[in-house]
Engineer: 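Dropping the structure in here first, questions after.
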Amino acid sequence: QFHMIKYNDLKWDESLGQGSFTRIFKGYKIDIRDGEKHMTEVLLKELDAVHKNCWESLFEAASLMSQISHKHLLLVYGVSVHGVKNIMVQEFVKHGALDLYLKRGRSVSVSWKLDVAKQLASALNFLEEKNIVHGNICAKNLLLAREGDPSQGTSPFIKLSDPGISVAMLGKDVVLDRIPWVAPELLEAPDDLTLECDKWSFGATVWEIFNNGNSPLRGWNLDEKRQFYEGFQQLPPSQWTELADLISQCMDYQAAVRPSCRSIIRQLNSLITSDYVILHATEPVTQ
Ligand SMILES: N#Cc1ccc(Nc2nc(N)cc(-n3ccc(CO)n3)n2)cc1
């Protein structure tokens, strides 16, 4: 279910850092099309050989996503295996991960943030209709293809990245460290990944977007994070009550009462048309 790419058809360029268990590089893929040589910019995601037993999970997650296509889902060109190295070849997304983009202090408007949240909600709605669970929704896995420029009237455009290694394959500490993105019910039963889990993570991701990419519960240790769930706590609410309501509906400890994607999209639409947006056109960046 994956296109196999020859290792010799790949060229590595600069290193772009690392995700969990993976190293990412900018690179190029060489194609010969109608007798001409084409170089396509790609993102090369190398899986550490030491985690070889997880590469099935990584590729399974990515192949799930590559079986369907949607404008807000990242395109995966294929995989390349070279000795102990497993490499996933993805479309190169111009501005990289959203959490880093927001942390770099770009002051973006409330309507910019709502636009990004709505794009994520439409990607989730598409996955929900196909009954596909992502399992790792967070700002780090949202890639910014277009910055959007209010003066030019262009809006941002995001792509949801592959979920990476399934949470069911990860150790307990890694799952704990994913609090508050990981749905609370997964702590006891990591295999029970459901569509409702993505709704919880969506809430935490919207919280990140409206807090300039700052990680919720940043600096908390694993025990403090575990107690956050054991005490049924919520993230600090936004002063915009309608937004805070949507986030807390998504982050409901009872999975069954979390809102459907359609309801989420409806509520985002009413936020977009509310006076708050006009009053807070560009928030001063509070770091
Ligand atoms: N400076 C800079 C810069 C860095 C990356 C990109 N592009 C890109 N394209 C992708 N397909 C995936 C990613 N990712 C980044 C983190 C993760 C986590 O998984 N993915 N970045 C563009 C600019």
Side-chain angles (χ1 to χ4, degrees), residues 2-3 5 9-29 31 39-48 51 54-80 85-106 108 116 119-120 123-124 127 133-149 156-167 169-170 174-175 177-178 181-182 198 201-202 204-205 208-209 212-215:
F2 254 131
H3 174 56
I5 296 168
D9 289 345
L10 296 172
K11 293 286 165 267
W12 268 252
D13 193 337
E14 60 182 322
S15 161
L16 293 172
Q18 41 223 0
S20 37
F21 312 117
T22 56
R23 275 191 304 282
I24 56 175
F25 299 85
K26 178 162 184 192
Y28 299 90
K29 147 170 102 77
D31 298 289
M39 303 273 276
T40 311
E41 251 186 354
V42 294
L43 189 288
L44 299 169
K45 206 173 218 182
E46 276 183 19
L47 180 67
D48 296 344
H51 300 288
C54 295
W55 74 270
E56 288 92 351
S57 175
L58 187 87
F59 286 166
E60 184 188 312
S63 72
L64 197 71
M65 297 256 298
S66 67
Q67 271 151 29
I68 50 179
S69 78
H70 184 269
K71 60 183 180 175
H72 291 309
L73 291 184
L74 181 71
L75 175 63
V76 176
Y77 290 115
V79 295
S80 184
K85 265 198 211 176
N86 299 287
I87 301 124
M88 192 190 306
V89 185
Q90 306 180 344
E91 71 171 301
F92 185 77
V93 180
K94 194 167 184 319
H95 301 284
L98 184 65
D99 65 326
L100 294 182
Y101 181 84
L102 292 171
K103 279 173 187 148
R104 272 187 223 120
R106 297 292 200 291
V108 289
V116 165
Q119 292 178 33
L120 174 56
L124 279 189
L127 290 175
V133 181
H134 184 276
N136 194 6
I137 304 290
C138 57
K140 192 189 302 295
N141 280 339
L142 286 184
L143 303 168
L144 191 61
R146 196 176 64 217
E147 285 187 281
D149 177 346
F157 197 89
I158 53 120
K159 299 235 176 192
L160 176 59
S161 179
D162 63 286
I165 295 168
S166 154
V167 68
M169 297 279 291
L170 299 172
V174 178
V175 176
D177 201 39
R178 283 194 181 175
W181 291 274
V182 64
D198 284 343
S201 310
F202 174 82
T205 305
E208 283 186 277
I209 293 168
N212 300 316
N214 290 326
S215 297

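Counting from 1, the numbers follow the sequence of the chain as shown. Both counts, for ligands and for their atoms, begin at 1 and track the order of listing.
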Engineer: Heavy-atom pairs closer than 4.0 Å: do any link ligand 1 to the side chain of Val93, the backbone, both, or neither?
Structural biologist: both
Engineer: At what distance is the nearest protein heavy atom to atom 11 (N) of ligand 1, and which residue and atom is it?
Structural biologist: Glu91 O, 2.8 Å
Engineer: Just distance, no hydrogens or angles: give the donor-acceptor pairs under 3.5 Å from side chains in residues 91-101, sequence neighbours left out.
Structural biologist:
unit_1: Glu91; atom_1: OE2; unit_2: Leu75; atom_2: N; d: 2.8
unit_1: Glu91; atom_1: OE2; unit_2: Lys159; atom_2: NZ; d: 3.4
unit_1: Tyr101; atom_1: OH; unit_2: Glu147; atom_2: OE2; d: 2.6

Engineer: Just jot down the ligand 1 atoms closer than 4.0 angstrom to any heavy atom of Leu143, in number order.
Structural biologist: 10 (C), 11 (N), 12 (C), 13 (C), 14 (N), 20 (N)
Engineer: Show me which atoms of ligand 1 lie under 4.0 Å from any heavy atom of Leu16.
Structural biologist: 4 (C), 5 (C)
Engineer: With sequence neighbours left out, write down each residue that passes ring-ring contact (aromatic ring centres under 6.0 Å, His included) with Phe157, or none if nothing qualifies.
Structural biologist: His72
Engineer: Report yes if the side chains of Ser161 and Leu142 come closer than 4.5 Å at any heavy-atom pair, otherwise no.
Structural biologist: no
Engineer: Check each heavy atom of Leu74 against ligand 1 and say whether those closer than 4.0 Å belong to the side chain, the backbone, both or neither.
Structural biologist: side chain
Engineer: Please work out, at 4.0 Å between heavy atoms, whether the side chain, the backbone, both, or neither of Lys45 comes within that distance of ligand 1.
Structural biologist: side chain
Engineer: So, Ser201 and Asn136: side-chain donor and acceptor under 3.5 Å apart, yes or no?
Structural biologist: no
Engineer: Identify whether the distance between the nearest side-chain nitrogen and carboxylate oxygen of Glu46 and Arg23 falls below 4.0 Å.
Structural biologist: yes
Engineer: For Ile209 versus Leu102, what's the shortest heavy-atom pair and its separation?
Structural biologist: CA-CD1, 3.9 Å
Engineer: Which ligand 1 atoms, with their elements, are less than 4.0 angstrom from a heavy-atom of Lys94?
Structural biologist: 22 (C), 23 (C)
Engineer: If we set the cut-off at 4.0 Å for heavy atoms, which region of Ile24 has an atom near ligand 1: side chain, backbone, both, or neither?
Structural biologist: side chain
